[in-house]
Asker: 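Once you've had a glance at the structure underneath, I'll fire off some questions.
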Amino acid sequence: MKIVIGSDHAGYHLKGAIIDVVKELGHEIVDVGTDSPDSVDYADFGLQAAEMVANKEADRGIVICGTGIGMSISANKVKGIRCALVHDLFTAKATREHNDTNVLAMGERVIGPGLAQEIAKTWLTTEFEGGRHERRIMKVMNYEDGTYHV
Ligand code: RB5
């Protein structure tokens with residue numbers, strides 16, 4: 001798969017560790033930055049990575065900031081994106097099986113590089129289960145495009 005990755009300054013070091021593991025799995029990486037630990041705004045990188053997934057320029061995205069929260073909020077503002085903030089292996093697996101998430105967010109100030117690499121591996125190798133989960137996702141996506149109302 002083609003994986004786009006982005007971080008702010010607070011996720012810059014973890015981004016390097018995640019790039020290593022994604023490459024080991026044989027995927028192609030597109031790194032949209034940031035390219036140093038100098039202070040930047042997470043929205044610029046989270047939105048850019050999410051747009052590439054939404055526009056099908058990448059198959060999936062991984063976004064990293066200090067907490068992962070700013071990145072997940074930003075990515076989920078892009079139409080077509082289902083971004084999960086994940087800091088444990090159970091959720092990494094479940095969010096692929098149940099939510100078919102296309103962007104993964106993590107926080108460098110929350111977990112260490114070893115766990116983050118395992119989360120990325122699990123998230124990249126777990127398939128969506130479909131079935132009843134498809135119906136639930138479609139309600140959310142159709143709400144986004146205005147064709148489903150509650
Ligand atoms: C940067 O200091 C920090 O606020 C950012 O990386 C992120 O954690 C925001 O959600």
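Both counts, for ligands and for their atoms, begin at 1 and track the order of listing.
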Asker: Considering only protein heavy atoms, determine whether one is less than 4.0 Å from atom 2 (O) of ligand 1.
Answerer: yes

Asker: Just which atoms of ligand 1 are under 4.0 Å from any heavy atom in Gly70?
Answerer: 9 (C), 10 (O)

Asker: To the nearest 0.5 Å, what is the distance between OG on Ser39 and OH on Tyr12?
Answerer: 14.5 Å

Asker: In terms of residue, atom name and distance, what is the protein heavy atom nearest to atom 8 (O) of ligand 1?
Answerer: Thr67 N, 2.9 Å

Asker: Can you tell me how far apart CG (Leu104) and SG (Cys83) are? Round to the nearest 0.5 Å.
Answerer: 7.0 Å

Asker: Which atoms of ligand 1 sit under 4.0 Å from any heavy atom of His9?
Answerer: 1 (C), 2 (O)

Asker: Write out the residue and atom name of the closest protein heavy atom to atom 5 (C) of ligand 1, then the distance separating them to 0.1 Å.
Answerer: Asp8 OD2, 3.3 Å

Asker: Identify, for atom 7 (C) of ligand 1, the protein heavy atom at the shortest distance, and state residue, atom and that distance.
Answerer: Cys65 SG, 3.4 Å

Asker: Side chains of Ser36 and Asp38 only: does a donor on one sit below 3.5 Å from an acceptor on the other?
Answerer: yes

Asker: With a 4.5 Å cut-off on side-chain heavy atoms, are Val53 and Asp59 touching?
Answerer: no

Asker: Looking only at heavy atoms, is any part of Arg109 under 4.0 Å from ligand 1, and if so is it the side chain, the backbone, or both, or is it neither?
Answerer: side chain

Asker: Roughly how far, to the nearest 0.5 Å, is CD1 of Ile3 from CE of Met52?
Answerer: 11.0 Å

Asker: List in chain and number order the residues that pass salt bridge (charged side-chain N to carboxylate O under 4.0 Å, His left out) with Glu57, two or more places apart in sequence or in another chain; answer none if no residue qualifies.
Answerer: none

Asker: Can you list the atoms of ligand 1 that are under 4.0 Å from a heavy atom of Ala10?
Answerer: 6 (O)

Asker: Any side-chain heavy atom of Met106 sitting closer than 4.5 Å to one from Ile119?
Answerer: yes

Asker: Identify, by atom number and element, the atoms of ligand 1 in contact range of Gly66, meaning under 4.0 Å from any of its heavy atoms.
Answerer: 5 (C), 6 (O), 7 (C), 8 (O)

